[in-house]
Amino acid sequence: MPELPEVETARRGIEPHLLKHAVTAVVVRNRNLRWPVSRSLIESLPGQRIDSVTRRGKYLLLHSPAGTAILHLGMSGSLRVLPADTLAEKHDHLDIVLDGGRALRLRDPRRFGTLLWTTGNPAQHKLLRSLGPEPLEGHFDGDYLFAKARRRKVAIKNFIMNSHIVVGVGNIYASEALFLARIHPQRAAGKVSRERYQALAKAIRKVLNAAIKAGGTTLRDFSRTDGEPGYFRQHLRVYDREGKTCERCGGSIRSRVTGQRSTYYCPKCQT
DNA sequence: AATCGCGCCTGACGGC
DNA sequence: TGCCGTCAGGCGCGAT
């Protein structure tokens, strides 16, 4: 599933194909994504030139002079750039057709994805304005997390998965980062020391950067791939490894459901 | 203000 | 083999 590293990989993959190209059409085969694709997007985007492709959390932003398309891949979304006349398959819900004969195609079997249109400053869009900091940029560190966690009783795993605290930490990387920082996922966010938050912030950055690096190898032929599922899998230390051996202490990895989501951890060395 | 649970949706998988 | 129930999961939203 697309987590921050995969969204960033997608961004880097599509950017060279979109930059300074004009949209000639938007072909919508199924408008029923998480929110229906709006008439204003379908009417406004054609004719526009894409000036930049940026990312905010797991949202991709296609900036044009008239406005910004906000794209989210949800759980199962993927993007490809391909010849515009390529036969669409079952879950290929829409194409953003570009001059030069290619199209950006969104495939999303579960349709948890989103494509929205906004004029004005996209950072002030309802979905973006209250997001927490980017974990790989300036204002994110252990002191920030520690300050935000004061008096919070929520489990730390849920805390770091809250996009209003920090963006881009999904279910997989939350488990992985907590393992690296040796923090038990159920521990109350307010009961974690400043020092441990510093280790956690570092761990989050480490795991996200490593995953982006792993995703990088699929960039070369991005237009022909969906992004090789599970490439980062071999690096996972706890996620989806229930009953397997902890590489650090030899204990047994355990799984449990926290906040409706499966969580993996080593009960022996995460406290 | 913080937290919790719901619902959107399909494919994979296990049980019978 | 086929049918059916269950689970997975990002994340906004409404309720508490």
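Naming: A, B, ... by sequence-line order, numbering from 1 per chain. The shown structure was predicted, so the numbers you read here are calculated from the model rather than taken from an experiment.
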J.: How many whole angstroms separate atom CG of A:Asn171 from atom P of C:dA8?
T.: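 Distance, rounded to whole Å: 10 Å.
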J.: Among C:dG10, C:dA8, C:dG12, which is the nearest nucleotide to the side chain of A:Met75?
T.: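 Out of C:dG10, C:dA8, C:dG12, the nucleotide with an atom closest to A:Met75's side chain is C:dG10.
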J.: Tracing side-chain links under 4.5 Å among I, L, V, M, F, W and Y, which residues wind up in one group with A:Val257?
T.: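 A:Val257 shares its hydrophobic cluster with no other residue.
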J.: Using a 4.5 Å cut-off on heavy atoms from C-beta on, say whether the side chain of A:Tyr264 contacts that of A:Ile172.
T.: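 No, too far: nothing below the 4.5 Å cut-off.
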J.: Specify the angle, to 10°, made by the local axes at the two ends of the helix from B:dA2-C:dT16 to B:dC16-C:dG2 when five pairs are taken at each end.
T.: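 Computed angle between terminal axes is 50°.
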J.: Can you list, pair by pair, the side-chain donor-acceptor contacts under 3.5 Å of residues 109-127 of chain A, counting residues two or more places apart and other chains?
T.:
from	atom 1	to	atom 2	distance (Å)
A:Arg111	NH1	A:Asn32	O	3.0
A:Asn121	OD1	A:Ala123	N	2.9
A:His125	ND1	A:Leu127	N	3.0

J.: From the options C:dG12, B:dG5, C:dC11, select the nucleotide whose nearest atom is closest to the side chain of A:Lys58.
T.: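 The closest nucleotide is C:dC11.
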J.: Under a 4.5 Å cut-off applied to non-hydrogen side-chain atoms, are A:Ile160 and A:Tyr173 in contact?
T.: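 They are not in side-chain contact.
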J.: Salt bridge or not for A:Arg12 and A:Glu15, using N-O below 4.0 Å?
T.: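 Looking at A:Arg12 and A:Glu15, the cut-off is not met.
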J.: Which nucleotide in the list C:dC11, C:dG12, B:dC6 gets nearest to the side chain of A:His164?
T.: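 Ranking C:dC11, C:dG12, B:dC6 by closest atom to the A:His164 side chain puts C:dG12 first.
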J.: What protein N or O atoms touch nucleotides 8-11 of chain B N or O atoms at under 3.5 angstrom, if any, and at what distances?
T.:
from	atom 1	to	atom 2	distance (Å)
B:dC9	O4'	A:Arg110	O	3.4
B:dC9	O3'	A:Arg111	NH2	3.0
B:dT10	OP1	A:Arg111	NH2	2.5
B:dT10	O2	A:Arg110	NE	3.0
B:dG11	OP1	A:His91	NE2	2.6

J.: For DNA chain B, determine which residues of residues 146-157 of chain A have any heavy atom closer than 4.0 angstrom to one of its atoms, and list them numerically.
T.: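 Going residue by residue through residues 146-157 of chain A, the ones with a heavy atom under 4.0 Å of DNA chain B turn out to be A:Arg152, A:Lys153, A:Val154.
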J.: Nearest-Å distance, OH (A:Tyr59) to P (C:dG10)?
T.: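 Taking atom P of C:dG10 as the reference, OH of A:Tyr59 is at 13 Å.
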J.: Show me, pair by pair, the donor-acceptor contacts under 3.5 angstrom made by side chains of residues 39-51 of chain A, not counting sequence neighbours?
T.:
from	atom 1	to	atom 2	distance (Å)
A:Ser40	OG	A:Ser38	OG	3.0
A:Ser44	OG	A:Ser40	O	2.6
A:Gln48	OE1	A:Ser64	OG	3.4
A:Gln48	OE1	A:Ala66	N	3.0
A:Arg49	NE	A:Asp51	OD1	2.6
A:Arg49	NH2	A:Asp51	OD1	3.2
A:Arg49	NH2	A:Asp51	OD2	3.2
A:Asp51	OD1	A:Lys20	NZ	3.3

J.: So, A:His184 versus A:Tyr265, ring centres under 6.0 angstrom or not?
T.: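 Yes; A:Tyr265 has its ring centre under 6.0 Å from that of A:His184.
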